[in-house]
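These numbers come from a predicted model, not from an experiment.
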Amino acid sequence: MASETTVEELLSELTVEEKCTLVSGTSDPTGRATGYLEGVERLDIPSLGMADGPLGVRIPHERATAFPAPLSLAATFDTELAYEHGAALGRETREKGMDSVLAPGTNLIRTPQNGRNFEYFSEDPLHSAAFAAAVTGGIESQDVVATPKHYVANNQETDRVSVSAEVSERALRELYLPSFEAAVDAGAGSVMTAYNAVNGTSMSEHGHLVRDVLKDEFGFEGYVVSDWFATEGAAAAANGGLDVEMPGIPMTEMANTMSDDASPEDDSVETSVPSEGTADAPSETPESSFETTGAIPDPSTCERFSEALVPAVESDEVPEERLDDMVRRVLTVMADRGVLDDSRADSDSVDVSGHHNHAERVAARGTVLLENDGLLPLADDVDVAVIGPNIDEALLGGGGSSEVEATNPQSPATGIEERSDGDVSLAYGLPSVESVSMMDIFQPETGDDEPTRKPDIENAAQVAKDADVSVVFVRDVTTEAMDRESLELPGRQNELVEAVAEANDRTIVVVVNSSGPVAMPWRETVAAVVEGWYPGQAHGTATAAVLYGDTDPSGRLPVTFAPEEAYPTSTKRRFPGEDGSVRYEEGVFVGYRAFDSDTTEPTYPFGHGHSYADFTYGDATLDDGRLSVPVENVSDRDGHEVVQAYVRPPETTVDRPERELAGFAAIEVPAGDTTTAEIDLDDRAFDRYDESEGWTIDPGTYTIEVGRSVRDVRTEVEVEH
């Protein structure tokens with residue numbers, strides 16, 4: 001822990017102006033940091049640099065490992081792997097000379113259209129909290145400040161800078177706060193507040209949620225930082241519990257560090273995909289604009305600490321004791337991580353090859369096999385047609401502040417070509433589905449249109465017909481600052497899949513790279529469906545490893561896939577809201593909880609995913625809170641299984657979900673062997689939040705359902721409370 005004497009001595013020597021400097025963002029002289037605190041040279045207090053995450057370390061014009069999206073990581077259901085992931089992110093942050101990474105994203109996935117769902121973990125609070133804690137712990141293990149974001153109820157991009165989330169205390173406690181509490185318990189040094197308001201109060205000024213809940217109740221001792229340009233009232237924010245205001249510089253200056261007018265120094269990756277069509281073909285990407293999304297902050301409404309805080313303290317509008325607390329938190333975080341006196345333990349050197357391997361491992365482990373009619377895994381020597389509008393590029397993520405320039409991107413075409421012993425033929429079928437990014441608002445207008453290809457679905461179908469197996473890659477388009485208009489795949493991708501399926505009979509695999517649920521009108525006409533999320537730079541190699549069976553597809557769905565109109569947020573009042581408010585009227589019935597409550601059958605349930613191995617479950621036993629379940633691999637190949645435990649509560653007058661995830665375990669089970677999964681269940685697995693009494697366990701018999709998904713129960717055990 002920090003030396004309290006050192007911190008207090010510094011506080012006693014700092015002037016009010018210097019104290020305000022330590023909590024006010026300013027320009028990074030090197031132009032590299034996303035956020036920057038200048039420090040105080042007179043007292044040898046160093047600066048503090050913050051870098052964007054969470055898909056990798058984003059430094060303008062510099063390359064870094066483009067890790068799989070957090071949703072892909074969460075699909076592994078493996079928190080040990082998540083800790084390793086956080087440590088890798090922390091190592092690269094240290095290696096690039098930054099002190100803090102703005103990660104992980106820990107908002108719950110409430111609505112499937114959210115443009116930033118790829119940055120988050122889950123629709124389930126226990127699952128999300130487990131990954132928030134693991135990634136945070138990994139980052140902090142490298143003496144790097146983790147910054148879980150965006151606190152709290154930031155579940156959409158539409159009108160995010162102005163909308164008020166009208167949400168009950170019970171829903172906040174049971175769904176939206178657990179991930180942040182878990183990250184705090186794991187040692188997070190910082191928490192970022194959201195743009196939105198909650199129940200009418202801006203999160204930058206929310207004394208109840210920031211000061212009372214986060215700091216006092218959860219015991220958070222680090223600093224709370226604003227989202228960029230989100231502080232409308234400096235005094236109100238400081239008094240409400242905000243400690244650091246960012247970025248503290250004009251938007252024009254911010255644009256210099258966000259623009260992409262210089263390219264990283266690295267050779268581009270060549271591809272052998274043939275060119276189709278001509279440059280005058282239309283793009284398959286719908287037009288998009290950020291002018292009407294209500295998601296871009298207005299810097300003119302931001303009252304900066306650097307301008308307003310000193311007068312506020314001098315007039316006692318903000319007590320100096322509050323300012324001291326703000327500075328104390330910053331200095332303590334810096335001291336605890338060895339930044340203050342340059343005493344940080346030596347960081348593990350970045351093993352570039354090792355990080356590339358880790359990125360591939362996560363991407364492969366997070367891949368979910370949704371359907372398989374026996375076609376997968378592919379034989380090594382099968383002749384394969386690789387088809388899709390973007391098979392020549394790795395899908396690194398969605399658009400926005402999480403964008404990373406990859407060190408070693410591998411396209412689907414390259415990955416399959418390098419893995420296959422058979423003939424590989426390639427066809428686009430459609431023009432490239434172009435990504436959309438909030439970062440485009442910082443780019444200079446060039447007036448040059450990128451060349452695109454003409455659609456040639458007929459040619460793609462012929463290429464598929466001539467091959468033994470066709471693998472079609474499709475994708476969605478998402479970005480920070482814009483929600484998806486629908487769950488439909490953009491352009492004519494569904495038409496492409498249907499044409500290939502007709503030409504190729506039942507020998508077609510569809511690999512979906514998406515930020516979450518998408519509509520799949522063709523799913524019953526294809527032999528296999530693979531959900532690959534945004535796999536990052538290892539796109540091609542990781543996908544090939546799963547398709548050919550080098551890696552068992554051990555991913556499971558962290559979100560429910562269902563028709564768009566079936567989600568509980570399908571009404572305008574609930575998303576994107578009306579009259580400046582979005583009403584969380586579904587309460588605690590989000591995701592699978594909602595589908596259980598109205599008996600709607602989802603397309604693919606939470607926790608779903610097939611393996612190439614076959615497993616049988618023995619009887620579950622519960623001993624002093626530890627659930628044990630033997631799992632036998634009855635196949636002739638090794639496999640991964642994700643054992644999931646759900647709790648069904650007793651009958652009560654309170655409206656509770658039919659079942660809730662209580663724990664999970666990702667295990668390896670060798671062919672012919674039995675592995676016992678062990679899951680610890682604490683009181684939170686059984687309780688609910690009562691707005692009068694707090695956390696409460698209803699008396700009665702609880703049934704613990706154990707299985708492969710929320711809809712696939714294999715064994716049960718009961719317990720009395």
Kindly write out the residues that satisfy side chain to side chain contact (heavy atoms under 4.5 Å, CB included) with [X], not counting sequence neighbours, or none if the list is empty.
{"X": "Ser486", "answer": "Glu488, Glu564"}
{"X": "Asp690", "answer": "Arg688, Ser692, Glu693, Thr696"}
{"X": "Ile296", "answer": "Phe290, Met438, Ile441, Ala481"}
{"X": "Glu169", "answer": "Leu172, Arg173, His208, Tyr689, Glu691"}

For this session: Can you spot which of Cys20, Cys302, Ser204 makes a side-chain contact (heavy atoms from CB on, under 4.5 Å) with Glu245?
Result: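 Exactly one pass, corresponding to Cys302.
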Exercise. Got a sec, which residues hit side chain to side chain donor-acceptor pair (under 3.5 Å) with Glu232, two or more places apart in sequence or on another chain?
Worked result: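 Counting only residues at least two positions away or on another chain, Glu232 forms no side chain to side chain donor-acceptor pair (under 3.5 Å).
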Side chains of [Y] and [X]: any donor to acceptor distance under 3.5 Å?
{"X": "Asn199", "Y": "Tyr584", "value": "no"}
{"X": "Gln156", "Y": "Thr158", "value": "no"}
{"X": "Glu157", "Y": "Thr293", "value": "no"}
{"X": "Ser581", "Y": "Asp579", "value": "no"}
{"X": "Ser300", "Y": "Asp298", "value": "yes"}

Exercise. Can you tell me how far the CZ atom of Phe67 sits from the CG atom of Leu396, to the nearest 0.5 Å?
Worked result: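 CG of Leu396 is found 12.5 Å from CZ of Phe67.
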Problem set entry | For the student: nearest non-hydrogen atoms of Arg484 and Leu487, plus distance |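 Smallest heavy-atom distance, with atoms named: NH2-CD2, 3.5 Å.
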For this session: Taking all non-hydrogen atoms of both residues into account, name the closest pair between Glu140 and Ala146 and its distance.
Result: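 Distance-wise, the nearest heavy atoms are OE2-N, 3.0 Å.
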Show me the donor-acceptor pairs within less than 3.5 Å that the side chains of residues 179-192 make with the rest of the protein, sequence neighbours left out.
| unit_1 | atom_1 | unit_2 | atom_2 | d |
| --- | --- | --- | --- | --- |
| Ser179 | OG | Ser128 | OG | 2.6 |
| Ser179 | OG | Ala129 | N | 3.4 |
| Ser190 | OG | Tyr223 | O | 3.2 |

Is there a side-chain contact between [X] and [Y] (heavy atoms, below 4.5 Å)?
{"X": "Thr34", "Y": "Leu102", "value": "yes"}
{"X": "Tyr176", "Y": "Arg110", "value": "yes"}
{"X": "Phe575", "Y": "Asp483", "value": "yes"}
{"X": "Trp533", "Y": "Pro68", "value": "no"}
{"X": "Leu323", "Y": "Leu309", "value": "yes"}
{"X": "Leu242", "Y": "Glu205", "value": "no"}
{"X": "Val152", "Y": "Leu177", "value": "yes"}
{"X": "Val57", "Y": "Thr93", "value": "yes"}

For this session: Give a yes or no on this: more than 12 heavy atoms of other residues, nucleotides or ligands lie within 6.0 Å of atom CG of Asp316.
Result: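 Yes.
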